Amino acid sequence: MLEGVLELRRACEESEESIVVNPTRPLVVDLDGSLLRGDTLHESIVANLRHPLVIAAAVVALLTSGKAAMKRRLAQTGRVEVALLPANAAVLSLMEARKGDGGQVFLATGADSAIAESVAERFPSIDAVFASDGSTNLTSHAKATALTAEFGEGGFDYVGNSQADVEIWRRAHTSYLATTDRSAAAPGWAGRDLEVLADPGPTRLRAWGRELRVHQSLKNTLLFLPLIAAHEFTNVFAVAATLAGFIAFTLMASSVYLLNDVLDVNLDRVHRRKKSRPVAAGWIDPLHALAGSLVLAVAALTLGFVIGLGFALVLVGYAVLTLSYSLWLKRITLVDVVTLAMLYMIRIVAGAVVTGITLSFWFTGVTLFLFLSLAFVKRYAELHSANGSSRRLPGRGYSGDDVHAILALGVASGMASTVLMAIYIQSDAVSRLYPAPVVLWLVIPVLFLWIGNLWIKAGRGQMHDDPVIFALRDPSSLVIGAVVLLLFVVASMPVTAELFGRIASVR
């Protein structure tokens, strides 16, 4: 009796399996979150952020005529780069396999037909499209009704990604769940198990960590430079205030990074390295990134005003300058480099404001020219990666022909900082702080060595990050930094002055 039941069960399973793999059954694929990792409506909103009148018109359409009308208004601008939107590789494989077996593939989406047709042109395996038309929002029950009328109950297989697809799954023959979750187990939303089409991405925590550029917070350690230069690093209150400023700058910087990645998402998607950023790759929704940017900005400003009005104003200035750089200034030749240098410099100014330390003229000159050289290194590395191409860099005001001018200006700025350091060593401020300032003359060749080393590595194509971050990770730069720090420590020791005094007396 038991054997008979088992044989019957196996026969049923084999029968179901043969039906599931039937290549002639139409395959219907959802678009947002299924064929594509992201949401085309959100992409449409982001693509029109620089056009507030379009956003306003879309909101009016939503309030007066419904969601389908809003989608139509946004889609009509044609600003969504459909060809660049990241796709789910597992869904694509299923579509191509079904097409290769002689079956038909259909796209059924709540996106506007203008976007859906563009997607169909991108993927030749799609035979026809079902989409919203400006009056009907083709989602959930509306989509289920349309597909059932076209193919019949159980007459199609369906790929979806969320609970909005439950009604369609119930009417489909075979149901597929498209997901980017590595550990996804198909839920029984439609009263049955779903076959998983996984396109594994980073974990949510890892994706947000990469998007917030946590490693870039190393640049905010520049806030501590005035504290160290003024020998106030033993002042507990000054250290605590600077640490709070460091946190505020880190929050604001992450906020701007998020906003920048949303605004530049299309440029990032065609960049060989930036295309892996979570927003560009589709692992983080651009609207979620915008919301995160707003939350971080509010947190940063709140902390900034708690620290003090002066610091808060510097923080606001940093945010405005960074946003201006992201929107416009980075596209203007040389202005972008000066802006980058000022973004480095403003961190030192913030450190001085939060501690009440006055920056000397020579110290400011040394750091400003040094940051100009580093900014030129950043742009030179990008131009060098173009391999001599005369084409303009996407989103920049340069072409490959400018590489030699950038090299000359950058090296000159670095040498200017070295000369100013020599003059700074002879200043009264250094004489008051260091009992043996003569030791600091050794800083000059070491600084020259470090600047030259950075430029040589950039010329060899070994500079793949922000130069400040590169320096904080590069072993040779760390060794040179340790030597410079040691020289300043030795120069500040009274015993060093006594030693040089004895040497002078012997002479």
Side-chain angles (χ1 to χ4, degrees), residues 220-242 245-246 308 310-311 313-314 317 338 341-375 411-452 468 471 477 480-507:
N220 297 326
T221 58
L222 292 172
L223 271 78
F224 291 90
L225 201 54
L227 198 68
I228 296 172
H231 293 189
E232 292 290 333
F233 40 80
T234 58
N235 185 328
V236 176
F237 295 103
V239 171
T242 306
F246 171 85
F311 176 82
L313 292 176
V314 174
V338 174
M342 295 306 297
L343 287 174
Y344 293 135
M345 193 66 203
I346 202 170
R347 291 174 166 90
I348 293 180
V349 172
V353 170
V354 79
T355 56
I357 295 172
T358 302
L359 297 176
S360 71
F361 171 80
W362 297 112
F363 176 82
T364 303
V366 169
T367 52
L368 182 57
F369 275 97
L370 180 60
F371 291 144
L372 273 172
S373 185
L374 294 179
V411 172
S413 299
M415 295 306 99
S417 70
T418 305
V419 172
L420 287 174
M421 173 61 81
I423 300 175
Y424 174 60
I425 290 172
Q426 289 294 99
S427 67
D428 294 337
V430 169
S431 299
R432 290 193 298 268
L433 286 173
Y434 298 93
V438 66
V439 175
L440 297 180
W441 280 104
L442 295 175
V443 172
I444 303 303
V446 175
L447 181 61
F448 176 87
L449 177 64
W450 179 64
I451 294 173
V468 174
S477 296
I480 290 173
V483 171
V484 171
L485 181 60
L486 178 62
L487 290 173
F488 275 96
V489 170
V490 172
S492 65
M493 297 171 63
V495 66
T496 307
E498 294 178 7
L499 178 61
F500 276 96
R502 291 177 183 177
I503 293 174
S505 64
V506 170
R507 290 181 178 179

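Computed from heavy atoms alone, side chains included, the values below leave out hydrogens, waters and symmetry copies. Just so it is clear, the structure is predicted and the values come from calculations on it, not from any experiment.
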Note: Pro226 and Gly351 closest approach over all heavy atoms is CG-C, 4.0 Å
Residues at least two apart in sequence or cross-chain that pass side chain to side chain donor-acceptor pair (under 3.5 Å) with Trp450, listed by chain then number, are Ser477
| request: Dump the intermediate steps for side chain to side chain contact (heavy atoms under 4.5 Å, CB included) on Glu232 and Ile357, then the final yes or no. | output: CA-CA 9 Å; Glu232 292 290 333; Ile357 295 172; 4.1 Å; yes
Is the shortest side-chain heavy-atom distance between Met415 and Ile451 below 4.5 Å? yes
Residues passing the ring-ring contact (aromatic ring centres under 6.0 Å, His included) test with Tyr424, sequence neighbours excluded, are none
Value for OG1 (Thr242) from CG (Asn220), rounded to nearest 0.5 Å, stands at 12.5 Å
Less than 3.5 Å apart, which donor and acceptor atoms pair up between the side chains of residues 361-373 and the rest of the protein, not counting sequence neighbours?
unit_1, atom_1, unit_2, atom_2, d
Thr364, OG1, Ser360, O, 2.8
Thr367, OG1, Phe363, O, 3.0
Thr367, OG1, Thr364, O, 3.0
Ser373, OG, Gly410, O, 2.9
Ser373, OG, Trp455, NE1, 3.2

Here the side-chain hydrogen bond (donor to acceptor under 3.5 Å, both in side chains) pairs for residues 427-439, sequence neighbours left out, are His231-Tyr434
Taken in chain and number order and not counting sequence neighbours, the residues that satisfy side-chain contact (heavy atoms from CB on, under 4.5 Å) with Gln426 are Trp441
Sorted by chain and number, sequence neighbours left out, side-chain contact (heavy atoms from CB on, under 4.5 Å) with Met493 holds for Val489, Val495, Thr496
dist Thr234:OG1 -> Leu227:CG (nearest 0.5 Å) comes out at 8.5 Å
Interatomic distance, CG@Leu449 vs CD1@Ile480, rounded to 0.5 Å, equals 4.0 Å
Contacts of Leu486 meeting side-chain contact (heavy atoms from CB on, under 4.5 Å) (sequence neighbours excluded), chain-then-number -> Val490
Ala350 meets the side-chain contact (heavy atoms from CB on, under 4.5 Å) criterion, sequence neighbours left out, with Leu223, Phe249, Phe311, Val314
So CD1 of Ile228 and OG1 of Thr221: to nearest 0.5 Å the spacing works out to 8.5 Å
What one should report as the nearest heavy-atom pair of Leu433 and Ala230 is CD2-O, 4.3 Å
Rounded to the nearest 0.5 Å, the CG atom of Leu225 sits from the CG atom of Leu359 at a distance of 9.0 Å
Q) What do the steps show when you test Thr355 against Asn235 for side chain to side chain contact (heavy atoms under 4.5 Å, CB included), and what is the final call? A) CA-CA 10 Å; Thr355 56; Asn235 185 328; over 6 Å; no
